[in-house]
Structure formats: C-alpha cells, structure tokens
Student: 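Structure provided below as structure tokens; questions to follow.
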Number of protein chains: 2
Amino acid sequence: MNRRNTPTKEAVLNLLSNSKKALSQDAIEKQLDIKINRATIYRVLNRFCEDDMVHRIVAEDGKQYFAICKKCEKPEDVQYHFHFRCLSCDTIECLQVPVNYAVPNGYRVQGANCVLTGTCSDCSQVVG
Amino acid sequence: MNRRNTPTKEAVLNLLSNSKKALSQDAIEKQLDIKINRATIYRVLNRFCEDDMVHRIVAEDGKQYFAICKKCEKPEDVQYHFHFRCLSCDTIECLQVPVNYAVPNGYRVQGANCVLTGTCSDCSQVVG
DNA sequence: TGTATTATTGCAACTTATTCGCAATAAATA
DNA sequence: TATTTATTGCGAATAAGTTGCAATAATACA
C-alpha cells in the first residue's frame with residue numbers, strides 16, 4: 001500500500017502546514033483553491049493520521065479537526081498536549097501545554113483527547 | 001420554565017445514578033425498562049445538563065456520554081476531571097483525577113473535555 | 001518510452017448521532 | 001375541576017463521516 005503523490009494530497013498538506021489552527025474537513029474544503037470532493041478530503045486526512053503526519057482532535061461539538069504541529073514533527077515526543085477551542089472565533093489550536101495525569105492502578109493509557117474551551121488570547125483583547 | 005417530574009425523567013436519572021459509567025443515549029434507551037423515545041431521552045439529558053445535575057462528555061468517537069459523579073454533586077468544586085474510555089469494554093467513566101493545566105497569557109478557560117483512552121483496570125487483568 | 005499495476009479520486013448512496021416542528025398528553029397550580 | 005404550559009412521541013431534517021464502485025492517474029517495470 002505505497003502512498004502516491006497527488007495534487008490533492010499536496011494541497012491539503014500545504015494548507016495544514018500553513019495554518020496555525022486545526023482545521024475541519026469543512027474548513028479545508030472551503031479554504032482550498034481547487035475543488036476536492038468531501039470523501040476524498042476525509043480519505044487524505046485519514047491517511048495522514050495513519051502515517052502520523054497529522055493528528056486528529058475531536059472537539060465537544062463532536063467534529064474532527066486536523067492539525068500539524070511541533071509535536072507531530074517529533075513523534076518521539078510521546079507526550080500529549082492540550083488543545084484550545086475558542087468559542088468566540090470558533091477555532092481550535094494546539095497548545096504547547098503537556099497533559100499531565102496519573103491514572104489509578106491497572107489503567108493503561110494509549111491516547112488522549114484533551115480540549116479546553118473558552119476565549120483565546122486574541123479574542124480576550126476586546127477590553128483594551 | 002419550571003421543571004416537572006415525569007416517569008421518564010425519573011427513570012433516566014435513576015439509571016445514571018446507579019451506573020458507574022457514563023452512558024450514551026443509545027445505552028440509556030437499551031437499559032431502560034420502559035420504552036422512551038430517542039428524542040425525549042436527549043431532551044431529558046440536555047435539561048439535566050442545563051441544571052448541572054449531569055455532565056456531558058464527548059469522546060473521540062464524537063458521541064456524547066452522560067454521567068453523574070461526585071463532582072456533579074458539589075458544583076462548587078469547579079475543578080475538571082479526566083474521563084477514561086476503555087477500548088476493550090467500550091465504556092467511559094469519570095476518574096477522580098483533576099485536570100491540571102496552565103494556559104498561556106490571555107487565554108480564558110471556561111470548560112474542559114478531557115478523555116484518556118486505553119484499557120481500564122478491569123480489562124487489564126487479562127494477564128493474571 | 002510504452003504498458004501494467006494499483007493507489008487515488010469523484011460520485012452517489014448510506015449510516016449514525018442529534019435536533020426540530022408539531023400536535024397530543026399530562027404535570028402543576030389556581 | 002379547569003387552566004396553563006412543560007413534556008412527550010413521531011416523523012422528518014440536518015450534519016458528519018464512511019463506503020462501494022467505476023474511472024483516473026501515479027508509479028514501477030519491461
């Protein structure tokens with residue numbers, strides 16, 4: 001199952017690389033210059049995730065968001081990090097904040113999906 | 001908008017009270033003795049959440065799970081806690097593990113949805 | 001350089017979770 | 001007991017994500 005290079009793949013990867021935020025399929029489709037089918041975008045994204053080039057975040061809206069970040073670039077860096085969902089500008093971003101936890105005896109952790117919700121620094125500026 | 005007591009409401013609340021795990025609408029419907037409409041269950045659950053009697057967890061499967069736990073009983077206890085989703089027995093439970101985080105300047109946190117994934121203590125016992 | 005192999009794509013249909021409008025029902029209250 | 005309106009059931013709608021299939025195109029190889 002060798003991967004092939006296609007314009008679609010490249011376009012989506014570019015978009016994610018240049019975005020500071022995690023993007024949903026929806027957002028990706030809108031931001032792309034070229035028209036790419038919904039199902040294709042999902043397939044491309046799922047492949048990126050399989051290949052550990054991108055990670056998937058599920059927000060409390062139940063939707064999937066995709067991001068490339070520092071953490072993705074060094075897969076040795078196993079530590080999970082928090083994500084932040086701003087209710088004001090409706091975006092999700094990776095925080096450089098590690099997730100610390102101590103689970104009870106016998107629990108084996110294999111993954112983490114941690115999203116904080118609130119107002120991001122940009123949107124908090126409203127006051128002055 | 002005063003709340004009324006109904007058999008439905010009582011049944012769902014009982015179920016959640018006696019369950020150690022967080023339950024999805026689906027699970028609730030199956031476990032109830034009486035037949036309650038899907039939409040009604042959602043409405044009851046959403047009302048419970050509004051009234052802070054129950055809290056809602058969104059797992060990486062994108063589904064909502066509902067739970068009553070110690071934390072729910074003392075709303076003054078603002079601290080968020082982790083949830084654990086066992087991939088083996090496919091359940092979600094509240095952990096007595098607080099979520100600690102330090103967000104960058106300017107960020108205002110109003111909520112948290114933190115789910116750890118893996119194998120719970122019961123399912124880890126397989127070995128011995 | 002031409003051809004075969006098979007990963008990738010687009011399309012349409014499907015699944016699943018959740019919500020919504022509306023009319024009927026039933027708590028609470030006077 | 002009558003009135004008010006929260007709650008329910010039903011069916012339909014919405015939205016996110018997946019899947020089957022045939023067509024297309026990237027890669028490998030003669």
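Here is how names work: the chains are called A, B, and so on, in the same order as the sequence lines, proteins then strands, and each is numbered from 1. Remember, it's a predicted structure, so these values are computed and weren't measured experimentally.
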Student: Can you give me every donor-acceptor pair (side chain of residues 34-41 of chain B, partner residue at least two apart or in another chain, under 3.5 Å) with its distance?
Tutor:
| from | atom 1 | to | atom 2 | distance (Å) |
| --- | --- | --- | --- | --- |
| B/Lys35 | NZ | B/Glu29 | OE2 | 2.8 |
| B/Asn37 | OD1 | B/Ala39 | N | 2.9 |

Student: How many Å lie between CZ on A/Arg4 and C1' on D/dT24, as a whole number?
Tutor: 10 Å
Student: Between C/dC20 atom P and B/Ile41 atom CD1, what is the distance in whole Å?
Tutor: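 Rounding to the nearest Å, CD1 of B/Ile41 and P of C/dC20 are 17 Å apart.
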Student: B/Tyr42 side chain N/O closer than 4.0 Å to the phosphate oxygens (OP1, OP2) of C/dT19?
Tutor: no
Student: Using atom CG of A/Asp61 as one end and atom C1' of C/dA17 as the other, report the distance to the nearest whole Å.
Tutor: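 Checked: the CG to C1' distance equals 13 Å.
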Student: Are B/Asn5 and C/dA26 close enough that a side-chain N or O sits under 4.0 Å from OP1 or OP2?
Tutor: no
Student: Under 4.0 Å: is that the gap between some side-chain N or O of A/Thr6 and OP1 or OP2 of C/dT9?
Tutor: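 Checking C/dT9 against A/Thr6, a side-chain N or O does come within under 4.0 Å of OP1 or OP2.
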Student: Can you say whether a donor on the side chain of B/Arg38 sits under 3.5 Å from an acceptor on the base of D/dG9, or the other way round?
Tutor: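 Absent.
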Student: Base of D/dG17, side chain of A/Arg43 - is there a donor-acceptor contact under 3.5 Å?
Tutor: no
Student: Quick check: on DNA chain C, is the nucleotide nearest B/Arg3 upstream (toward 5') of the one nearest B/Gln64, or the reverse? Name the residue that is more 5'.
Tutor: B/Gln64
Student: Below the 4.0 Å mark, does C/dT9 have OP1 or OP2 next to a side-chain nitrogen or oxygen of A/Thr8?
Tutor: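 A/Thr8 to C/dT9 OP1/OP2: side-chain N or O found under 4.0 Å.
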Student: Without decimals, in angstroms, what is the distance between A/Ile36 CD1 and C/dT9 P?
Tutor: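 Nearest whole value for this atom pair: 8 Å.
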Student: Please answer whether the main-chain N or O of A/Val58 pairs with a side-chain N or O of A/Asn113 as donor and acceptor at a distance below 3.5 Å.
Tutor: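 Indeed, once roles are kept as given, a pair shorter than 3.5 Å links the two residues.
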Student: D/dG9 phosphate, OP1 or OP2: any side-chain N/O from B/Thr40 under 4.0 angstrom?
Tutor: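 True: B/Thr40 side-chain N/O within range (under 4.0 Å) of D/dG9 OP1/OP2.
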Student: I need the CD-P distance between B/Glu29 and D/dG9, as an integer number of Å.
Tutor: 10 Å
Student: Measure the distance from CZ on B/Arg47 to P on C/dC20 and round it to the nearest whole Å.
Tutor: 13 Å
Student: Does B/Asn2 or B/Ala39 map to a spot on DNA chain C nearer the 5' end, using the closest nucleotide for each?
Tutor: B/Ala39
Student: Got a sec, which residues hit side-chain hydrogen bond (donor to acceptor under 3.5 Å, both in side chains) with A/Arg56, two or more places apart in sequence or on another chain?
Tutor: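 Residues passing side-chain hydrogen bond (donor to acceptor under 3.5 Å, both in side chains) with A/Arg56: A/Asn46, A/Gln64.
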Student: Quick one: A/Asp26 CG to D/dT14 C1', roughly how many Å, whole number?
Tutor: 13 Å
Student: Using the six-membered ring wherever Trp is involved, compare the ring planes of B/His55 and B/His83 and label them parallel, tilted or perpendicular (cut-offs 30° and 60°).
Tutor: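 Tilted, since the angle between the ring planes falls between 30° and 60°.
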Student: Expressed as a whole number of angstroms, how long is the span from A/Arg56:CZ to D/dG17:C1'?
Tutor: 10 Å
Student: I'd like to know if the side chain of B/Ser124 and the backbone of B/Cys120 have a donor-acceptor N/O pair within less than 3.5 Å.
Tutor: yes
